[in-house]
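Data block below; observations after.
In listed order, ligands and their atoms are each counted from 1.
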Amino acid sequence: MYYNSIIETIGNTPLVRLNKLNKGIKGTILVKVEYFNPGNSTKDRMALKMVEDAEKAGHLKPGGTIIEGTSGNTGMGLALTAIAKGYKCIFTMADKQSQEKINILKAVGAEVFVCPTNVEPDDPRSYYSVAKKLNREIPNSFYPNQYDNLSNTTAHYETTGPELWEQTEGKITHYVATVGTGGSMCGTAKFLKEQNDQIFTLGIDTYGSVFKKYKETGIFDENEIYPYLTEGFGEDILPKNVDFELIDQFIKVTDKDGAIMARRLSKEEGLFVGWSSGSAVFGALEYAREQLKEDDVMVILLPDHGTRYLNKVYNENWMKDHGYTETRSFASAKDIIDKKNGSGKLVSVSSDARVSEVISIFNKEGFSQLPVTDGENIIGSLIDYKILNQLLEDSSLKEKKVSEVMEKPFQFVALHNTLDVLSSFIDKNNPALLVRDEKNQVHIITKHDLLLAMTT
Ligand SMILES: Cc1ncc(COP(=O)(O)O)c(C=O)c1O
């Protein structure tokens, strides 16, 4: 079996379950991994559709030139389509886009014009205006205009929507996508809501973009517009492909939260995705944490691949320069005890025991501290070096009862407390913590356990 050209491989991307980042969140969270498209993004779908519809309508004739303002991914889809079908491509891009994206488009034979980011859309220097001007000047050229060309939405209505419906066997309850041109959100949403009007759609917007406020108030607020760094979504215009009726709610995600989440998707889920995918997942999880129920099935669309962001999000120095320091996800007390001993019994010493017995336990077991019990209750603690110091002063101490030399019990912590919190309780005088599991069994967490958890 083979394909007649690369564009026949567009679509039918896999749906993958999140296993780590959704910890503590109810329901099933799946991601639609769009980098499996041949141009490594979801935009291949609409690029092909815009070209095919233009051919049918007679707007694109053999030997023609495709001209588009693109943040890179649509350009890639158009370039692959153009190669397969024998057209030329010219693209205009905003200068905030990654150099990798520009190089990639050139690699697939396109001519690229880089335009200033921080100018009004109707400024003659903007990438929207430059694309329109080239279209007027170049004969037999076609300007798809991905923002207002409804073939964009149709592509997702005809492919992404049905794929998700089939892949989830109709069980999808929530659909989440970033909103740029709006095609991948609205085309998919339209199809899904036609199958089940209860499906909830969550649009991911960014700070500096007009969508969320427009949805909530109907006001196009110019004050909402300011430069932001995330690429591909959020807009300072209202594209025709954004149908606000089909988007139930918007959440805004900061550049930083998106960047850090993209890195976590790569490291923790093995999903080497682009920046906007991080934003989509960050916003989706924020919603899911509060709202998702056990039987819910949420699908998040991940638009593109991480290679396009190697000099940004995946460059440690770039992250540091932008103040995007990662807050690590730490193991919890539960993780530590599960890993350590599962159901193992807490080793302790009775308050009636002699100090000499404690010393032999320390030596035999290699412990540095022990909880002291009185029947079921934990009433004190013993720490090896403190006993040693006392023995140096008074050797008869070894005949004394534990209750005479013990100190206050180790501190109890909550099962959900994380490594960063746990380590704040530990110092020279408090070398261990106690935690009660779901079955009411007490476990000890020592400073060595914390060190181990930090390094594994
Ligand atoms: C990286 C990236 N993320 C998100 C989007 C938003 O998708 P849509 O234009 O379908 O709203 C795009 C679109 O260009 C993109 O390139």
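- Within ligand 1, the atoms closer than 4.0 Å to a non-hydrogen atom of Pro303 are 2 (C), 3 (N), 4 (C), numbered from 1 in the order shown.
- The shortest N or O to N or O distance between Phe233 and ligand 1 is not under 3.5 Å.
- Ring orientation note: the planes of Tyr287 and Phe200 are close to parallel, at an angle under 30° on the 30°/60° scale.
- The part of Val179 lying near ligand 1 is the backbone, judged by heavy-atom distances below 4.0 Å.
- Using a 4.5 Å heavy-atom cutoff, the side chains of Tyr324 and Val313 are not in contact.
- If you look at Ser276 next to ligand 1, the close heavy atoms, those under 4.0 Å, all belong to the side chain.
- No heavy atom of Tyr35 sits closer than 4.0 Å to any atom of ligand 1.
- By the 3.5 Å distance cut-off applied to N or O atoms, Gln146 is not counted among the residues near ligand 1.
- Ion pairing between Lys252 and Glu224 holds under the 4.0 Å rule for side-chain N and carboxylate O.
- Ion pairing between a basic and an acidic side chain is recognised when a charged N comes within 4.0 Å of a carboxylate O; Lys312 and Glu231 show such pairing.
- Not one N or O of Thr74 is nearer than 3.5 Å to an N or O of ligand 1, by distance alone.
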Residue pair Phe412, Ile378: steps toward the side chain to side chain contact (heavy atoms under 4.5 Å, CB included) verdict: CA-CA 10 Å; Phe412 266 94; Ile378 295 174; 4.2 Å; yes
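- Under a 3.5 Å cut-off, the side chain of Asn22 and the backbone N or O of Ile25 do not form any donor-acceptor pair.
- Assignment of Met185 to the shell around ligand 1 is not supported, since no heavy atom sits closer than 4.0 Å.
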Stepwise ring pair (Phe, Tyr, Trp, His ring centres under 6.0 Å) test for Phe233 and Phe211: CA-CA 10 Å; Phe233 73 103; Phe211 291 144; 9.2 Å; no
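- The contact set between ligand 1 and Ser184, taken as ligand atoms under 4.0 Å from a residue heavy atom, comprises 7 (O), 8 (P), 10 (O), 11 (O).
- Remark: Glu137 engages Lys133 in a salt bridge, criterion side-chain N to carboxylate O under 4.0 Å.
- Ligand 1 has at least one atom lying under 4.0 Å from a heavy atom of Gly182.
- Counting atoms of ligand 1 from 1 in the listed order, those under 4.0 Å from a heavy atom of Tyr309 are 1 (C).
- Distances from atom 9 (O) of ligand 1 to the heavy atoms of Lys101, Lys43, Arg45, Glu235 show the closest one on Lys43.
- Looking at Cys89 and Thr65, their side chains never come closer than 4.5 Å, going by heavy atoms from C-beta outward.
- Atoms of ligand 1 found under 4.0 Å from any heavy atom of Asp304, numbered from 1 in the order shown, are 1 (C).
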